[in-house]
Structures are given as C-alpha cells and as structure tokens.
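Starting off with a structure, shown below.
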Amino acid sequence: MKVIFSKLAVATVVGAGLALAAGGVANAAEMPKRGGILTYLNPAEIPSYDAHRETTFGVVHPLGPMYSLLIRVNPDNPQSATDFTCDLCEGKVPSPTDGGKTFTFKIRKGIKFQSGAPLTAHDIVATYKKIMWPPDGIPSSRKAFYRMVDTLTAPDDFTVVFKLKWPSGAFIPALAAPFNWIYSKADLDKHGLNWHTKNVNGTGPFLFVQDQQGSFTEGKRNPNYHHMGLDGKPQPYLDGIKAIVATKLAVRVQAIRGDRAAIEFRGFPPAHRDELVKALGKDITVQESDWNCALFFTPNHESKPFDDARVRRALTLTLDRWSGSQYLSKIAIVKTVGGVVFPNHPFAATKAELTKLAGYGEDAKANLAEAKRLLKEAGISTLKVNFVNRGVDQPYKVVGTWGIDQWKKAGIDATQQVLPTPAFYDTLRKTKKFDIAIDFNCQSVINPIADITKFLGTSGANNGNYKDQPLEDIYAKIEKSGDETEQRKLIRDYEKRALSDEAHMLLTLWWYKINPHRSYVKGWKIAPSHYLNQQLDNIWLDK
Amino acid sequence: MYKYIAKRLMLMIPTLFGAAVLVFILLRMIPGDICEVRMAGSGMYFDQEAIDVCRENIGLNKPLPLQFIEFVGGYFTLDLGTSMWTEKPITHEIQLRFALSLQVAIMATIVAIAIAIPLGIISAVKQNTWIDYAVRVFSIAGIAMPSFWLGILIILGLLVYSQAWFGEPWMPPIVYVPPWEDPIGNLSQLIWPAVATGYRYSAVAARMTRSALLEVLREDYIRTARAKGLIEKVIINRHALKNAMLPVVTIIAIEFAFLIGGLVVTEQVFNLNGLGKLFVTSVGNQDYTMTQQLVMIVVLVFVLVNFAVDIFYAWLDPRIRYS
C-alpha cells in the first residue's frame with residue numbers, strides 16, 4: 001500500500017510539474033520577484049572559454065549568461081523548433097529578401113560590453129567571420145553550418161547583412177546556435193582570435209565575476225542589459241548566478257535535495273526524478289521534454305559481414321523500438337521513437353511514415369521473422385558481434401544492453417566491450433576495431449538540415465566507415481531546395497535510404513530530458529536541448 | 001648523518017627521472033586522443049579540420065622526444081607547462097586544488113591518529129578482553145569499508161536525518177571555502193571527508209599500533225622494567241610506545257602521501273575540487289601534460305615522505321645510525 005501511495009504521489013507531483021512546465025500562460029502572468037543568486041549545477045568542466053571552438057554544454061551553461069547572441073530560440077517558447085527572436089537585433093527576426101538570399105538585421109543601440117565598449121554591427125560581423133571563415137590555426141567547430149553564406153557586411157554601425165549563395169531554411173537556426181557568442185571586434189583585433197579562450201567580455205544578462213576551474217563560475221547582474229522584464233524594468237531578475245561544477249550524477253541529485261543548488265539544466269534519469277519528488281514533494285517541480293539527441297548502433301561497414309545491407313537491415317529489424325520505448329523510458333533518459341529528424345519538428349516522420357521503415361513496424365514478430373530471413377539469405381547461420389559501448393551508464397550502457405538482448409532473439413550473439421570515453425573514441429575513429437558501436441547525435445538548435453549530416457559517410461562526425469553517393473546526392477538536393485514541402489519529401493527519401501534500405505545506422509530511440517528543480521525557480525522553461533535557453537535572463541526566485 | 005642526507009637527496013634525481021620516463025611512455029600507450037574526446041565527446045557536429053587544428057595547437061603533432069624534452073625541461077625553467085584541456089598554466093591549476101587536498105589530508109591524518117593510537121594501545125594492553133575484541137571489530141570494519149562508500153552513507157544519512165529532525169534536508173557545502181575566509185563553512189564541508197577517510201586510515205594504523213606494541217611488550221627490557229617495579233603506565237608510555245611507533249609512523253606517513261593525490265573517489269563523492277578529482281578528470285580527458293605533472297607531484301611527495309620517515313626513525317630509535 002505504501003509503495004502504491006508513493007508511486008501515486010510521485011505521479012501526482014510529476015504531473016503537477018509537467019502541467020506547470022506546460023502552463024506558460026499561468027507562469028507568465030505571475031509577476032517576477034527580483035533579487036537572489038541562482039545556484040545551479042554544471043555537470044561538465046569548462047574547457048576553454050571560447051564557445052566558437054568548443055562543443056560541450058560545459059561551457060554554455062556557466063558562461064552563456066555572460067554573452068548575447070544575434071538571434072536566439074525564444075526563451076518563452078523554447079519548445080518550438082521554429083520560434084526565433086532577436087537578441088541583439090531589433091524587432092523581429094527579419095524575413096529574407098532577394099529570393100530568400102539576403103537577411104538584413106538592424107542592431108539594437110546602447111548596448112555595452114562588460115569592458116564598457118559599445119556594441120555595433122562591426123562586432124557582429126567580426127564574430128561571425130571568426131565562426132564562419134576562421135583563418136588557419138583557429139578552430140571553429142561549426143563553420144560547416146554556414147556553407148550557404150556568401151558575404152557578410154556591415155553597411156553602417158547598426159546594420160548587418162548576410163547574403164547567401166542559395167536560399168536555405170538551415171540558415172536562421174544555424175545563426176541562433178547557442179555557441180555563437182558575440183565578441184567585441186576591438187578584443188579580436190587587439191588581442192587576437194584566441195583571446196576569448198581565457199577571457200570573458202560579453203553583453204549578456206550577467207557580468208563575469210570569477211571562474212575557479214573545476215569548482216564554480218560566478219556572474220553578477222548586468223545593469224545595462226537590453227531585454228525588459230515583465231515588471232517593466234530591465235532583466236535579469238536575479239542579482240547573480242553561480243554555476244557549480246559537479247560531475248557525478250549522485251552529487252547533483254543530492255545537491256538539489258539538500259538545496260545546495262536549485263537546478264541542473266542537463267537532465268536526470270527517471271529514477272532520480274522519482275527520488276527527488278518523493279523526498280521533496282511540493283518543493284520540487286519537474287519539467288520534461290523530448291531531447292534533440294538520438295542514440296544509434298552504428299555498424300562498421302569495413303567489418304564483414306556488416307558491409308552487407310541485408311545484415312544491417314536484419315540488425316535493425318530485431319530492435320523492437322515501440323516496446324523498448326515503453327520499458328527503457330522507465331530506467332533511462334530515452335523515450336521517443338523517431339526517424340532522422342527530431343520528433344516534434346514539421347520535417348519529422350509521422351508514425352505512419354515511420355512504420356514503413358525497417359525495424360519500425362509495430363509487429364515485432366513479423367520484423368523478427370524478416371530479420372531471420374535476411375540473415376539466411378545473406379548466408380549467415382550464426383552472427384557474432386563485437387559491440388563497443390561507451391563506459392557511461394546513461395543512456396549508453398542501458399540501451400546497449402537492451403540492444404544485445406534484442407539481437408539475441410534473432411540468434412545474433414553480441415559481446416559488449418565497454419570502454420572509457422578516450423578509448424571508446426580511439427576504437428571508433430582510429431583503430432576501427434569494432435563490428436557495431438554505440439553512437440549518438442546531440443545537437444542544440446533543432447536544425448534538421450544540419451543535424452541529419454550525421455548520416456553522411458563524408459561527415460566528420462560519422463563513424464560507420466561508408467560512402468554512399470546516392471545519399472550524398474539526396475542531401476545536396478535537400479540543402480539547396482528552398483521549398484519546405486520538397487525538403488520534407490526529400491528528407492523521407494534520405495531517411496528511408498539511411499535507416500531502412502541501407503540501414504547505415506540503427507537509430508534506437510531519441511533521448512528524453514527530465515529536469516527536476518527546486519520549485520522556487522521560476523521563469524525557466526525546458527527546451528528540447530540542454531544547450532538552449534541558457535542565458536537565464538528570465539529566471540527569478542520565488543523565495 | 002649529513003652525508004647520508006646528501007646521498008639520499010641525490011638519489012631522488014634518478015628516481016624522479018625514471019618516474020618521468022615511465023609516466024611519459026605509459027600515458028602515450030593508453031588509447032585515446034584529447035582532441036577526439038573534446039570534439040566528439042559531446043555528440044555535436046564537428047569538423048575533422050577542427051580536430052586537426054586542435055592537435056596542432058596543443059602540440060600533439062610534435063615528435064615524442066621533443067614532447068619529452070619540453071616536459072622534463074620545464075623543471076629547469078620552473079615552467080610546468082599548460083594543461084592541454086583548459087590551456088591554463090598547470091601551476092595555476094594545481095595551486096587551486098592543492099590547499100584543499102592538503103587540508104583534507106591533514107584533517108584525515110589528525111582524525112586517524114586521534115582514533116588509532118589510543119585504540120591501538122588500549123587494544124594491546126587489554127589483549128584478549130572484550131575491549132580488544134571491540135577495537136579489532138572496529139578496525140576490521142574500517143579496513144573493509146571503502147572510504148567513498150562511507151562517504152556516501154554519511155551524505156545520505158545527513159540528508160535523511162536532517163529532514164526527519166528539522167524538516168529540511170541538509171548536506172555539506174559542495175564548494176570549497178578557505179578556512180581563513182569562513183572557518184565554519186570550511187569545517188562543515190571538510191570534516192565529513194576527513195572522517196570518512198580518517199576512519200579507514202585509523203583502522204590500519206590502530207591494527208599496526210596494537211601488533212607493534214604487543215611485540216615490544218614481550219621484549220626483555222620491558223620484563224626488566226616490570227621487575228624493577230615500574231608502574232604499567234610509565235612502562236607503556238616511556239619505554240614501549242616510542243619503540244612501537246616505528247612501523248606506525250611509516251604507515252601514517254605513507255597514507256598521508258597517498259591522501260595528497262589519492263582521494264580519487266572520495267573527492268568525487270563530496271564534490272571536492274582537489275588533486276584526486278583533477279587526476280580523474282585529466283586522465284579521462286587524455287590531458288597528457290596535466291596528468292604527467294600530477295603523477296610527478298605524487299611521486300615527489302612519496303619520495304620526500306619516505307625520506308622524512310627515514311630521518312624520523314633515527315629520532316625514535318637511537319640505535320639506528322645512518323652511514
């Protein structure tokens with residue numbers, strides 16, 4: 001009875017939390033209180049301070065609040081994959097002119113960097129030039145996202161013009177990437193393009209105070225911040241922020257329970273959500289969302305017999321994703337069955353479209369029978385698999401173990417080799433001594449046209465060791481097409497080839513983000529990525 | 001004596017050089033690449049070119065002999081180099097964490113000595129009584145129980161019982177504050193890891209104290225002292241204990257050296273930003289420059305502690321003479 005009551009209590013509070021998260025209108029109507037320091041947990045250490053070169057959220061969470069972006073995902077509607085708002089630009093995000101090839105941004109006036117220097121369009125141009133066309137020796141991790149950009153100019157101090165080579169729906173989402181912090185041109189000119197690896201000078205809601213490597217990062221309220229709050233005064237509402245590094249999950253859970261921190265923005269597994277809800281009741285609020293991260297099993301096409309598409313199709317057919325979603329979502333941070341595009345995006349496959357793909361049919365028995373037939377047709381009686389996994393529980397080891405169990409049903413005998421992260425990547429990308437490896441794609445702004453490059457054999461992030469020219473050709477058409485209906489149709493072709501016909505990669509489930517936080521944290525809305533909505537200008541404390 | 005000290009100091013040089021060679025080679029034998037971890041580890045899109053630039057910038061493309069010369073050469077210019085991960089000076093990174101690790105090591109040692117010596121003596125003096133059995137059970141439990149596990153129990157215990165008694169769950173602070181800034185805050189954070197570590201440490205030292213003292217108590221000169229009519233307290237304190245302390249001092253010193261860089265898991269459990277945590281992070285990131293300097297610090301601490309123990313022996317036992 002006690003157990004049943006506990007479960008009911010958990011369900012009730014989670015439900016209440018979800019309702020709160022969804023109830024944007026109710027939240028917005030509440031008048032924010034000012035003051036206080038938000039203490040939150042950063043599950044990763046900051047490498048360098050330069051987000052243009054880094055790929056980890058470990059730099060976005062503590063330092064993102066010290067910077068502004070040109071445009072950003074709407075902090076009041078972060079669940080939308082298409083709602084972008086101006087941050088440093090004025091008014092609404094501009095619509096393109098010149099047949100979809102020219103974007104003209106008007107820049108806000110009166111904004112100052114922490115150093116006191118005024119922000120102009122030239123700072124934005126210098127920043128994006130560093131991101132898009134860095135000189136030799138300057139790393140920029142996402143410069144490939146801007147292949148469509150032809151020129152970038154500032155015709156005056158408060159206008160920025162991007163001219164594209166071809167109209168592209170991927171441009172605006174790419175521009176809103178949370179890594180595109182606007183730097184001062186004066187800093188770049190005077191100190192060089194590496195200065196920001198160790199120094200902070202932004203125009204964000206918070207001013208940089210200090211960073212103790214491996215321990216915490218502190219910021220204080222920027223009195224000159226440019227966004228207005230619901231109370232008619234400039235945001236942010238908080239007096240300051242403190243991001244505490246806590247790399248161990250157990251510490252993060254305990255820290256929220258013991259109120260040493262109010263929130264962690266990455267995400268907790270379901271069991272820890274339930275533990276916190278049970279311990280704290282109304283003092284904890286839970287926000288949940290689909291997560292723009294997908295987990296794969298990637299066959300090594302250079303290892304026989306995984307060069308045979310029939311074998312790969314058999315492997316994907318044995319995965320019962322629909323029941324897997326049901327059970328795995330109770331113990332791991334995965335949930336949604338989906339194709340190559342983030343499930344809630346207009347470009348994503350519908351359930352009817354999904355079920356046509358190999359391994360996505362709801363009749364698991366039929367799938368299994370087809371898998372066995374394909375293996376037989378490929379001349380394989382016993383298939384042994386060297387399955388390489390990453391030595392991280394959530395969700396890699398959990399889902400990896402599930403996969404092994406699924407394959408066993410088709411007589412496939414997989415041996416799991418769990419490796420620490422450096423050795424895992426060494427195996428995946430250098431020695432390539434694996435048959436199948438766990439793999440993942442975790443992006444920030446939902447930008448399907450950029451995100452699906454993971455499936456291209458030529459992508460730097462692809463680990464399948466294959467070349468598929470027809471797939472590349474489809475992608476080229478998607479990239480260049482300016483028509484969304486056509487793009488959606490092309491993406492279906494791309495998806496069918498990548499996941500079903502060739503089964504280059506076996507997409508398991510999309511991740512599911514769970515953020516339990518202290519109920520006094522208000523104003524923050526969960527986004528479908530742990531990289532997004534991290535400027536914290538709309539957060540306030542109800543204490 | 002001075003000759004001996006000079007000789008021992010000179011011997012440290014080949015020891016440290018040997019350790020430097022070993023750590024340099026072994027680290028590079030571990031599979032992995034810091035740039036791959038840095039770029040691919042988050043699952044985000046990245047350019048292969050970004051990895052190539054990263055490797056070039058942090059010096060991974062340099063020939064191995066040159067990398068070794070830069071590593072060892074740094075000791076002559078007092079420049080330990082920069083971390084490959086944070087690109088900040090290693091001395092700065094270590095300095096940030098050293099105070100915390102040293103304080104935990106000292107506090108754990110104090111806890112250990114405060115528990116171990118009295119319990120060890122009582123256990124030896126009251127051999128085969130219920131007191132001896134209780135102390136032995138306490139010691140064996142301490143040896144059997146990993147300090148990180150005890151740490152987890154302490155934190156969970158604090159959370160659960162504070163909520164039950166005061167209505168709000170409480171746990172120790174998770175950010176280090178130096179003792180001169182906030183002594184209470186500092187103590188409320190570090191006392192728990194000191195107790196968790198000190199208990200295990202005390203268990204080893206208590207057992208050693210007991211057995212060493214028992215051995216000394218069977219010596220002829222103790223029998224003579226008793227025959228002379230000396231009271232037991234004087235026999236124990238003045239004649240037996242000092243001689244029994246030789247192996248105990250060794251154990252305490254080696255444990256202390258271990259604590260400086262070896263609290264790998266306990267620091268994670270209590271979220272202490274010490275050298276042990278830095279060790280784990282650096283190895284996990286394949287940060288060669290940082291890891292090799294941390295290993296060298298631990299080697300240096302062990303060499304120095306062993307040296308100090310040898311010198312201390314002479315004070316404890318005047319029969320020991322060095323040549």
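Each chain gets a letter, A, B and so on, in the order the sequences are listed, and its residues count up from 1. Nothing here was measured: the structure is a model prediction, and the numbers come from that model.
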Item to check | Heavy-atom donor-acceptor pair, N271(B) side chain to V245(A) backbone, under 3.5 Å | outcome: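 Here the side-chain-to-backbone pair exists.
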Checklist entry - Is L280(A) close to P169(B) at the side-chain level, that is, under 4.5 Å between some pair of heavy atoms? => result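 Touching, per the 4.5 Å side-chain cut-off.
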Checklist entry - Out of curiosity, C35(B) SG to R429(A) CZ, how far, rounded to the nearest 0.5 Å? => result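 Those atoms lie 11.5 Å apart.
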Checklist entry - For T281(B), is it the side chain, the backbone, both or neither that has a heavy atom under 4.5 Å from a heavy atom of chain A? => result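 Only the side chain of T281(B) comes within 4.5 Å of chain A.
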Next on the checklist: For the NE2 atom of H92(B) and the CD atom of Q213(A), what is their distance to the nearest 0.5 Å?
Outcome noted: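 Nearest 0.5 Å value for the NE2-CD distance: 7.0 Å.
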Next on the checklist: At a 4.5 Å cut-off on heavy atoms, which part of Q268(B) comes close to chain A: side chain, backbone, both, or neither?
Outcome noted: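 Looking at Q268(B), backbone and side chain both touch chain A.
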Checklist entry - Under 4.0 Å between a Lys/Arg side-chain N and an Asp/Glu carboxylate O for E36(B) and K430(A)? => result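 No, no charged N to carboxylate O under 4.0 Å.
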Checklist entry - Side chain, backbone, both or neither: which part of T431(A) has a heavy atom under 4.5 Å from chain B? => result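 Neither; nothing under 4.5 Å.
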Checklist entry - Can you say whether I155(B) sits under 4.5 Å from chain A via the side chain, the backbone, both, or neither, judging by heavy atoms? => result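 For I155(B), the side chain is the part near chain A, not the backbone.
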Checklist entry - With distance as the sole test, does Q163(B) use its side chain to make a donor-acceptor pair with the main-chain N or O of A279(A) at under 3.5 Å? => result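 Yes.
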Checklist entry - Is it the backbone or the side chain of L272(B) that comes under 4.5 Å from a heavy atom of chain A, or both, or neither? => result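 Contact with chain A is absent: no heavy atom of L272(B) under 4.5 Å.
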Next on the checklist: At a heavy-atom distance under 4.5 Å, which candidate from E56(B), M39(B), Q286(B), R38(B) has the highest pair count against chain A?
Outcome noted: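 Among E56(B), M39(B), Q286(B), R38(B), the one with the most close pairs to chain A is R38(B).
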Checklist entry - Would you call E87(B) and R53(A) a salt bridge, taking side-chain N to carboxylate O under 4.0 Å as the test? => result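 R53(A) and E87(B): salt-bridged.
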Item to check | Contact origin within L156(B) toward chain A - heavy atom pairs under 4.5 Å | outcome: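 The side chain, not the backbone.
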Checklist entry - By a 4.5 Å heavy-atom criterion (distance strictly below it), what part of V283(B) contacts chain A: side chain, backbone, both, or neither? => result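 The backbone, not the side chain.
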Checklist entry - In Å and rounded to the nearest 0.5 Å, what is the CD to CG distance from E45(A) to N273(B)? => result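 Going from CD on E45(A) over to CG on N273(B), the span is 6.5 Å.
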Checklist entry - Minimum heavy-atom separation for V37(B) to T421(A), with atom names? => result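 Closest heavy-atom pair between V37(B) and T421(A): CG1-CG2, 4.3 Å.
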Checklist entry - Once you round to the nearest 0.5 Å, how far does CG of N57(B) lie from OG1 of T197(A)? => result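 Reported value, rounded in 0.5 Å steps: 10.0 Å.
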Checklist entry - Using non-hydrogen atoms only, which part of R257(A) is less than 4.5 Å away from chain B: side chain, backbone, both, or neither? => result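 For R257(A), heavy atoms of backbone and side chain both lie under 4.5 Å from chain B.
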